[in-house]
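So that the names make sense, note that chain A is the first sequence line, chain B the second, and so on, each numbered from 1.
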Number of protein chains: 2
Amino acid sequence: MAKTQGQKDRRAALISATQKAVIAHGADVKLTEIAKQAGLTSGAVLYHYPDVQSLILEANRAGTERFYDERMQMIAKIDDPAEKLVSTIRSGLPTDADDDAVRLFCELGGAARRHPIYGTLLTSLYDRQVAMYQVILETGAARGTFDLRQESLTIGRNLVALEDAYGYRMMAGHPTIDHEVACELLLDYARLATGHPLITKAALDEGTPTHD
Amino acid sequence: MAKTQGQKDRRAALISATQKAVIAHGADVKLTEIAKQAGLTSGAVLYHYPDVQSLILEANRAGTERFYDERMQMIAKIDDPAEKLVSTIRSGLPTDADDDAVRLFCELGGAARRHPIYGTLLTSLYDRQVAMYQVILETGAARGTFDLRQESLTIGRNLVALEDAYGYRMMAGHPTIDHEVACELLLDYARLATGHPLITKAALDEGTPTHD
DNA sequence: CAGAAATTTGAAGACTTCTTCAGTGACGAA
DNA sequence: TTCGTCACTGAAGAAGTCTTCAAATTTCTG
C-alpha cells in the first residue's frame, strides 16, 4: 500500500517491520526475516538501507523511545502522586511473557556487551525512567503525600531496577511471578520507602461500585 | 595437558572452554570459537559432543550452578546474620563490567525467550537465591537481629531482583552505577526492610585496627 | 615392540546469509 | 507514446558455518 508516497513512508514501514522482526527473532535478526516481515525481498531492503545494521539500530532506538513516550503520556493525565506512582509501576511491568517492548529490552540487554550502542540505549532509558520516578516522589513529598524514608534517587533507581528484573523473570517464564505478583512486590517496596499505603486501584474497585 | 586421563577430563576441558567462548562470543557461540578456545579443530569437538547445542547447554548449566555454589560456600563461614546479609549482597553483584558469571547471565537472559531452557536455568537459579536470602532473613528475625517489615519471601525476591538488574546495568556500562554504588542501593533497601543498620564490614574496618 | 583403540586432523559437501547487480515493471514528464 | 527514473526482483557470487568422514596420529594393551 501507498506506493507513491516517497521514501519516508517506505523507510518508516521498514523500521516498523524491523521492530517486529527483532521481537520475533532477536537482536541479531536476519535480513531475510526483515524482508519477509516487510513483504519484500532482501534486495529491496538493501535498496533503502544499504547497511542493515543501521536499520536494526534505528528500529531498536525507536522502540525504546516509544516505550518511554507512552509511559510519560499515560501518567501525564494523573494528578494525585500516590495514584500516579501506582499507575507508573503498573505500566512499567510487562502484561505477560509476550509483551513486545519488554521482549525488545531483554534482547538488547543480552546483546549490550557485544554491541555497546545498545548498552547506551538502555542506560539512557534507565536514567530517564529514574528521573520520571524522582519527579513523582519529590512532588508527593512536597505535597505531604509521601514521607520519603530514602533519597528519591535511591527509590527511583531501585524501582526501575525492580521493573527491569521482574520483566526478565516474566520473559524467562517464571511459574509464579506474573504481572500482579510483580506489581505487589514493587508496591511493597514503594510503601516502605514512601510511608504511604498506596491502595491500588484494583483494591479500590473491589470495595466500590463501578461508578460511585 | 593431561592427555591420558580419559574422556572425563577431555569433556570437562571442553565444557570449560565452551564457558569461556560463550562469555566471549555470546550464547549463540560458533563451534569454531569453542574449538579455538579448546585448542582443537571443530571435528575434534564434534567427536566428543556430536551435538554442539548440548555442549553449550551443559556449559551454561555448569556456569550457573558454580555461581550459586560459590555464593553458598562464601556465606557458610559467617554466623552473624547482619554480616552474612551484607556479604551475600556483595557477592551477588559483579565486581565490574568484566565479571564472567554476570556476563553469562546477561547472555542467557537475552536468549531465554528463543531458548526456553535458558529461561528455566535462570528461573531455577533465581528461586534458589531467593531461598538463600530467606534463610538468612528468617534466622536473623528468630535471633532478634532483624525486625522484618515485609515477608522474607518479598524481601528475598526483591533483593535478588535488584542484584540482577544492577548486574545488567553494569554490563551495559552505566557511567555512575558501579559495584559500590549498587551495593549501597541494595543495602539501603535491606536496611529499610530489616530495620537493621547493616554497618558494612568495610565501614567497620575503617574504624577498627586490623586485629583487635 | 606390534596391534588395537582412541583421538585428532583436514578437507569436502551441504547449507545459510550477506551483498551485488543486471534486468523487469510501473509511473510520470515531455 | 516514448523516455527516464524509481522501486523492486531474482539470481549469482562470496563468505562463513555445520557436519561427515577417510586418513593420520597418538595412546593404550598385551
Side-chain angles (χ1 to χ4, degrees), chain A residues 1-61 107-108 110-111 113-115 117-118, chain B residues 1-61 107-108 110-111 113-115 117-118:
Chain A
M1 60 195 77
K3 287 181 184 177
T4 61
Q5 302 202 33
Q7 286 193 339
K8 283 194 177 178
D9 276 12
R10 183 47 91 197
R11 287 170 72 97
L14 274 177
I15 286 179
S16 171
T18 304
Q19 288 178 336
K20 291 194 183 82
V22 167
I23 288 163
H25 298 94
D28 55 350
V29 63
K30 308 301 178 206
L31 174 57
T32 308
E33 296 297 339
I34 296 174
K36 191 187 295 178
Q37 186 71 48
L40 296 172
T41 62
S42 55
V45 175
L46 270 308
Y47 175 78
H48 294 281
Y49 279 88
D51 180 5
V52 186
Q53 289 308 312
S54 73
L55 168 60
I56 299 176
L57 172 58
E58 181 56 26
N60 290 337
R61 197 198 57 75
E107 294 290 353
L108 297 188
R113 197 177 46 71
R114 267 164 296 135
H115 304 288
I117 186 67
Y118 293 149
Chain B
M1 58 195 79
K3 287 181 182 176
T4 62
Q5 304 202 31
Q7 285 194 338
K8 283 194 177 178
D9 277 11
R10 184 46 93 198
R11 287 170 72 96
L14 273 178
I15 286 178
S16 171
T18 304
Q19 288 177 336
K20 291 192 184 80
V22 167
I23 288 162
H25 297 93
D28 54 351
V29 64
K30 307 301 178 205
L31 173 57
T32 308
E33 297 297 337
I34 296 173
K36 190 186 296 178
Q37 186 70 45
L40 296 171
T41 60
S42 56
V45 176
L46 271 307
Y47 174 79
H48 294 281
Y49 280 89
D51 180 4
V52 187
Q53 289 309 311
S54 72
L55 168 59
I56 299 176
L57 172 59
E58 181 55 26
N60 290 336
R61 198 198 57 76
E107 294 290 352
L108 298 188
R113 197 178 45 71
R114 264 164 299 138
H115 305 287
I117 186 70
Y118 294 149

Q. Hey, are the side chains of Asn60(A) and Ile117(A) touching, using non-hydrogen atoms and a 4.5 Å cut-off?
A.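 No, their side chains stay 4.5 Å or more apart.
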
Q) Contacts to DNA chain C from residues 17-29 of chain A, heavy-atom cutoff under 4.0 Å, which residues? A)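 Nothing qualifies; none.
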
Q: For DNA chain C, find the residues of residues 30-39 of chain A with a heavy-atom distance under 4.0 Å and give them by number; none if there aren't any.
A: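 Correct list: Lys30(A), Leu31(A), Thr32(A).
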
Just to confirm, is there a sub-4.0 Å distance from OP1 or OP2 of [N] to any side-chain nitrogen or oxygen of [X]?
X        : N      : value
Tyr47(A) : dA7(D) : yes
His48(A) : dC8(D) : yes
Arg10(A) : dC8(D) : yes

Q | Rounded distance in Å - OH (Tyr49(B)) to C1' (dT7(C)) | A |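 It works out to 16 Å between those atoms.
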
(Q) Using whole Å, what does the distance between atom P of nucleotide dT8(C) and atom CZ of Arg11(B) come to? (A)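 My rounded result for the distance is 13 Å.
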
Q. With sequence neighbours left out, what residues match Ile15(B) under side-chain contact (heavy atoms from CB on, under 4.5 Å)?
A.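 Per chain and number, Ile15(B) pairs via side-chain contact (heavy atoms from CB on, under 4.5 Å) with Gln19(B), Tyr49(B), Leu55(B), Glu58(B), Ala59(B), Ala62(B).
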
Identify each donor-acceptor pair in which a side-chain atom of residues 32-45 of chain A lies under 3.5 Å from a protein atom, sequence neighbours left out, and give them as a table.
from     : atom 1 : to       : atom 2 : distance (Å)
Glu33(A) : OE1    : His25(A) : NE2    : 3.3

Q: Return the set of residues passing side-chain hydrogen bond (donor to acceptor under 3.5 Å, both in side chains) with Lys20(B) (not counting sequence neighbours), or none when no residue passes.
A: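 Ser16(B).
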
Q: Work out how much the helix from dC1(C)-dG30(D) to dA30(C)-dT1(D) bends between its end axes, five pairs an end, to the nearest 10 degrees.
A: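 It works out to 0° between the end axes.
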
